[in-house]
Structure formats: structure tokens, C-alpha cells
Amino acid sequence: MTVTYTHEVADCKGFGNFWRLLFRWRGSVYKLVWMDLLCYIIIYTILSVVYRVVLVEEQKRMFEKVSLYCNYFSDYIPVSFVLGFYVSIVIKRWWNQYQTLMWPDSLALFVSTCMHGHDRQGRLMRRTIVRYVNLSFVLTLTMITPRAKKRFPTLDHIVEAGFMTVNEKNVFSAMVNKTPHPLYYVPLVWAGTLVSRARREGRIRDDFAVKTMMDELNNLRVKINGLISYDWISIPLVYTQVVSLSVYTFFLSTIMGRQFLDPNQNYPKNTIDFYFPIFTILQFFFYMGWLKVAESLVNPFGEDDDDFEVNWLIDRNIQVSYLIVDEMHNEHPELTQDLYWDEVFPQELPYTVAAEQYKRDPPMGSTANLRVPETEQEFIPTLEEVMEEKTEESGEAGKTGGTPRVRRLDSARSIGSSMSGRKSSLMSVLHNKWRRGDLRSSTGSQISVRRSRMRSVSQSGSQVSDASFGSSVIKRNNTNTSFQGSDMLHMSRESLSTDINGEGRPGFLSSSPKPTRKKIIPSLATIKSSSSTSSHHSSRVDTEVNKDDKGAGSQPRVGSAHSIADSTASAIASIFTIQTAEMQEGDKGEGVVEGSDSPREPDPSEGDAERPSSAQGPQENVAVEAAREMTPVEDAPKDENVH
């Protein structure tokens, strides 16, 4: 049986607890190396006696030269290096073989839980399945370990032990005659067939349970196959030979090389004459014991003291399997309330007097007592935020000539969004593009738009109502003053002026002298059409407007900041595209000339503001007047420079 000493090393007190293990014989290193050590001491003693008593002076000088030669070259044998790697491989292989041993507890639990039926047939199926699994394990062990083979030398012994019936033995023997390969897996095939039959008979109620049991059967087959593989594939023989030769040749050389020579000859390291080589014996004890450990663990299915107790494992597996699938099938104690039913969970479990010394507080994190001062708890601004703030301050100072201006918030948090992230939003990126003049229309012309500034930063949820564009007379929505009063809707005259030839280029890009400028005011229908077009690419903004005589609009329901930015950008780009096409028609009187004080009177019969943008004559003036009312020129800043 495997030597167990865990209970003797449970704690370390005094000089240690390994001292008590040094005096054990069973499974000890003394039991492994005593015979080799005895032979080594006998040979060493014989050579020492011959050197001291039998040889004459001339022969002694020759003996001494041979001893010095063996001692010098014995150090070139890499015993520690070769032996250390070999033992590490053997230990790892030994533990992996233990992990491949079969434990049918999981399969028995699945069979007892998922295979229903208290009748004789159901009980017979459950017991037969686990018996087949244990039979497969027994057949495998009889192939790889002498302990199991001596216990069950033939199939008749297995039948007599109750693992196999006579009929099953006949079927198995017939299959053995058909193939020379081992048939350890045949009982597992029979167990899988019984699982499938139980599913057809309704004893297993779902396919998932069938799959679970088949997966467990396959896992057991993999483990059994692993045992066969470890028995078949050993550590390469050449490695074992190298290790054995290195150890034995080293100690053969030390038999001559470690002899105590005559001190009168003044040989180096031979100034003292001892009769017994104490440290050489210890070195032999360690190296040879190391090699014996590898020899005993290279095959843990043998008959050594530390080999696996496979016979005990066979008995244990068959008993536990029958107990789970038969005695404990669908059985459990009576359901009663636990001791902590009213408390939900125990605040503290009791300790005995002997265990009171082990009572400890719950472990906390290593930073539980670390405190950060309040002055160091502020976040450091990112590089992007610092650069944007510096750019804003320098740009506003240049525009106003040093006069402080109200700074616009770059984050979309101030425009109808409750985002709390530190990263710049889409509206902030769009405003930065307008400030740098990078926004281009669909025709490729660069359009400079004055940077917008909100009059009221606190009114972040206001937007232009779609319903206000559809009325005959456009009235300002009192709830959207922050958006209507912004400079976003005020366009520079120079940025929208065209040359006199009607080429469609902005005046500030033309090399010719500046022509007569016209103030192009976008028509109401154009804005409406652009808003409709942009609605396909952005989120919908639902606005409910009370269409009464006062024209007051209700509060709009604004979507995310990304949808606002997409809708606004698409509408402005579409307006600029249409106005560029109109400018190519030249000076035909459809716009209002800059400086004119009396525009044409609108047609009284015209009341619908949703006319097409291409309408001519008095019908267009209604939209012009409406756009004037929505975008008053006097509200625009006096700074008309093109940015």
C-alpha cells in the first residue's frame, strides 16, 4: 500500500517534523539503497586493505597515480545534471498516471439522477451500466499491472468475482478470437447501448441527459486509453541508459579515486589518512537514492511500496457505484428547516475550545487602509482637452481684439445630451471643423462658417421645431431661443457671394475684383426640403407644437447629440449645395440685393409656406420674409470677417 505520512507533517514545530520520518523503514531510501551501499563499502574496503598491506612501495606508487587519475577525471561526469532532469520527468509522469485512474462516481451520479424507474427493469439497467464500466477498468488493469493480473488471471476469475456474466464472457471471447487487439473498450460500448435503449423506453426523459452520460462514458474511455498508452510508451531507453551509466561509472571511479593515500608523499588534498570515507558514503547515498527514486516511480503499477493500490481501487469503485445507482436512487432525507432559517445566513459559526486559536477576521485587500488625500483626488486633464482650451482662448482673443468673449462648450453635454464621458462628442468634432473651415459642400467648394456661440448655455435641450417650418407665418419658438439666437444660422456675406460671371465660386476665392455682392437668404422650402433629406441619415426628433393663434410651441423631445449633429450638418450642407446652383444662374432678380430697403410685397393669396424652392415671383418673397423673421440680420454679430 502507498506509504502515507501526511498526518505526521501537519505542522512544523521545534527542529522540524522531518526528523521523525528519517527512522521509518517501509518506503524509505534505506530500503532502496542498502544493498548497493553495502557492495560499494565492501569493494572500497578491499582495495584499501590491498593498498595498505599487500602492495610493496613501488606498487603503492603506481596505485597512488591511478587513484589521483580517477579522482581528477571523475569530476567530469555530469551526474547532478543528468540525474536531476531524469527524476523531474519521472515525477511528472508518475503524477499524470495517477490522474488517469478511473473514478466512476460522476457517471454513477448521472445514471442515478437521469435514469428513472423503480421497477426491476430500471434497477437492472442502472446496475448493469456501472458494472460494465468497472469491468472495463478491471480488464485494463489486468493488462498493465501485476497486482491485478495475479488477482484475475483469466476471464473465469472475473466471472466468479461478479464483474461479468457467463453470457457476456462468451460474447467477449468470440470477439477476442476475431481480432488480436485489446478489447478493453467493449464493456463501454455495451453501456452506451443501454443508455440509448433507456432513452427509447422513456426512462431518460431528454436528449441532454443522454449526451451528458455519453460524454462521461467517453471521458472514462479516454482515461483507460491513457493507462494503456503509459504502459506502451515509456521514457526513451537511451535516456534511462545514460542516467544509469553516469551514476554507476561515477561511483566506480570513486572507489579508486577517493582512497586515502600516504600523507608522506605530499599529494594535494591527501594530508590526512582516514580509513573510512564518510563524505564519499554520503555522496553515494544521495546520488544512488536519487536514482532509486526514479526506478521505483517510473512504473507506479508494479509491486513497490509506493506503487498504486489498484486492487483497493477496484473494490472501492464497484461498491460506490452500486451504492449510488441502487441504494441511493431517488432517495434523500426529509426536508426540514435548517438552523439558520430565520436568520437567512449565520452571522458567526461556533468554534470549539481547541479551534478557538484559529479564529481569524475576514481577509481584506492590501489597500484597505490606504487613504488618498482629497487634494490628490482630482483628475488630470487630458492633452486633448488642454490643447482645445488653449486653441479656443487664442481664437476668441484674436476675433474680439482682446475683449473677453463667452466661451462655447465643446462637449455635447450642453446641447440636449446627458452624456458624462470625458471624450469629445460628435457635436464637438463638428464645431471644431466649422471653426477651422474644413467643412465642404457637395460641390467641393470650401465654405467658411462663423463659429457658433450659444446665447444661453443652460438651455441645452432646445432644437428648431419641424412643425414651425410648416406654418404659413414662421414664428419663433420661445423655448428654443438658445438655438435660434446662435450664430450657426447667420452666414457671412462674403462667404456666400458669387462673382459677376456666375461661376459659382465664392468671392474670397476668386482672383478677379470683388463683384456686386448679393445677400442670398435661403428659402423656407429649401430649408424644409433639406431637413427632410437629412432625416434619413439621423435619428428622429419628435416635436409636438400647439398650433394656436399665439403660435407657442411645446417642449421638444430631443434625441442624442450624435443625431442632432448629423441632422444639422446634413441640412446646412444641402442648403449650401442648392444656393451654389442658384448662384450659377447669375443676376436674374430672384435674390434680394444687398442694401435694398424695400423688398417686393408678397401675394396676399399666398399663405402656404411649403412651396417648392424653385417658385418665382411674389410666391418666393413670403419664404424670404419668413426666413428674415427667423434669422434677423440685426442679431448677427458685427464682425463679418471670413474665417
Side-chain angles (χ1 to χ4, degrees), residues 14-25 27-91 235 237-298:
F15 293 100
N17 50 17
F18 283 175
W19 290 101
R20 71 190 76 171
L21 302 178
L22 297 179
F23 304 100
R24 302 183 60 170
W25 175 255
S28 64
V29 65
Y30 319 117
K31 186 177 181 180
L32 293 176
V33 304
W34 73 270
M35 188 175 295
D36 300 272
L37 181 60
L38 181 61
C39 293
Y40 182 84
I41 293 175
I42 292 174
I43 297 174
Y44 183 91
T45 303
I46 292 174
L47 290 177
S48 180
V49 170
V50 170
Y51 168 71
R52 297 173 185 276
V53 177
V54 178
L55 300 179
V56 296
E57 291 296 328
E58 184 178 355
Q59 294 173 339
K60 287 182 178 180
R61 304 289 86 81
M62 180 60 64
F63 185 90
E64 292 168 357
K65 291 180 180 180
V66 174
S67 176
L68 293 174
Y69 178 84
C70 293
N71 185 40
Y72 177 78
F73 285 100
S74 63
D75 295 335
Y76 286 92
I77 302 176
V79 182
S80 301
F81 177 78
V82 177
L83 191 58
F85 273 100
Y86 185 77
V87 172
S88 64
I89 292 175
V90 169
I91 293 294
I235 297 176
L237 179 62
V238 61
Y239 200 0
T240 304
Q241 291 176 342
V242 168
V243 172
S244 301
L245 288 175
S246 64
V247 173
Y248 284 107
T249 54
F250 173 78
F251 285 108
L252 284 176
S253 63
T254 57
I255 290 178
M256 283 291 296
R258 302 296 175 85
Q259 291 288 339
F260 290 99
L261 306 179
D262 187 3
N264 297 326
Q265 301 299 323
N266 296 325
Y267 293 119
K269 300 180 181 180
N270 285 275
T271 57
I272 301 177
D273 188 9
F274 285 112
Y275 293 97
F276 187 79
I278 300 176
F279 290 99
T280 301
I281 296 301
L282 291 177
Q283 190 177 22
F284 179 89
F285 193 82
F286 299 147
Y287 282 158
M288 189 59 64
W290 209 356
L291 180 63
K292 292 298 180 179
V293 168
E295 290 179 0
S296 63
L297 298 182
V298 69

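Just so it is clear, the values below take in all heavy atoms, side chains as well, and ignore hydrogens, waters and symmetry mates.
In this structure, CZ in Phe250 is found 11.5 Å from CD1 in Ile255, a value given to the nearest 0.5 Å. Here the straight-line distance linking atom CG of Leu297 with atom CD1 of Ile91 works out to 4.5 Å at 0.5 Å rounding. Interatomic distance, Met288 CE to Trp34 CH2, rounded to the nearest 0.5 Å: 14.5 Å. With rounding to the nearest 0.5 angstrom, the CG atom of Leu245 is 10.5 Å from the CG atom of Leu252. Atoms CD1 and OH, from Ile77 and Tyr248 in turn, are 14.0 Å apart once rounded to the nearest 0.5 Å. To the nearest 0.5 Å, the span separating CD1 on Ile41 from CG on Leu37 amounts to 4.0 Å.
For Arg24, the salt bridge (charged side-chain N to carboxylate O under 4.0 Å, His left out) partners at least two apart in sequence or on another chain are Glu8. The side-chain hydrogen bond (donor to acceptor under 3.5 Å, both in side chains) test applied to Gln241 returns no partner, not counting sequence neighbours. With sequence neighbours left out, Tyr44 forms a ring-ring contact (aromatic ring centres under 6.0 Å, His included) with no residue at all. Applying the side chain to side chain contact (heavy atoms under 4.5 Å, CB included) test to Tyr76 and every residue at least two apart in sequence or in another chain returns Tyr72, Phe73. With sequence neighbours excluded, the residues satisfying salt bridge (charged side-chain N to carboxylate O under 4.0 Å, His left out) with Lys292 are Asp36, Glu295. With sequence neighbours excluded, no residue forms a ring-ring contact (aromatic ring centres under 6.0 Å, His included) with Phe276. Residues satisfying the side chain to side chain contact (heavy atoms under 4.5 Å, CB included) criterion with Phe274, sequence neighbours excluded, are Phe260, Ile272. With sequence neighbours left out, the salt bridge (charged side-chain N to carboxylate O under 4.0 Å, His left out) criterion links Asp273 to Arg52. Residues meeting the side chain to side chain contact (heavy atoms under 4.5 Å, CB included) test with Thr240, sequence neighbours left out: Tyr86, Ile235, Ser244. In this structure Thr254 satisfies the side-chain hydrogen bond (donor to acceptor under 3.5 Å, both in side chains) test together with Tyr40, sequence neighbours excluded. With sequence neighbours excluded, the residues that form a side-chain hydrogen bond (donor to acceptor under 3.5 Å, both in side chains) with Ser80 are Tyr287.
At least one side-chain heavy atom of Val242 sits less than 4.5 Å from a side-chain heavy atom of Val82. Leu22 places a side-chain heavy atom less than 4.5 Å from the side chain of Tyr30.
The main-chain N or O of Pro277 is never found under 3.5 Å from a side-chain atom of Thr280 such that the two would form a donor-acceptor pair. Of the possible polar contacts, none joining the Ser48 side chain to the Thr45 backbone as a donor-acceptor pair under 3.5 Å is found. Side chain of Gln265 to main chain of Leu261: no donor-acceptor pair is present (N/O by atom type, distance under 3.5 Å, no hydrogens or angles). Using modelled atom types, no side-chain atom of Asn264 and backbone atom of Asp262 make a donor-acceptor pair closer than 3.5 Å.
For Phe85, the CZ atom sits in a loose shell: 12 or fewer heavy atoms of surrounding residues, nucleotides or ligands are nearer than 6.0 Å.
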Hey, can you pull the donor-acceptor pairs under 3.5 Å for the side chains in residues 59-69, sequence neighbours left out?
unit_1	atom_1	unit_2	atom_2	d
Gln59	OE1	Val56	N	3.2
Arg61	NE	Glu64	OE1	3.0
Arg61	NH1	Glu57	OE1	2.9
Arg61	NH2	Glu64	OE2	2.8
Glu64	OE1	Tyr267	OH	2.5
Glu64	OE2	Tyr51	OH	2.6
Ser67	OG	Met256	O	2.7

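Considering every non-hydrogen atom in both Cys70 and Ser253, the closest pair reads CB-O, 3.6 Å.
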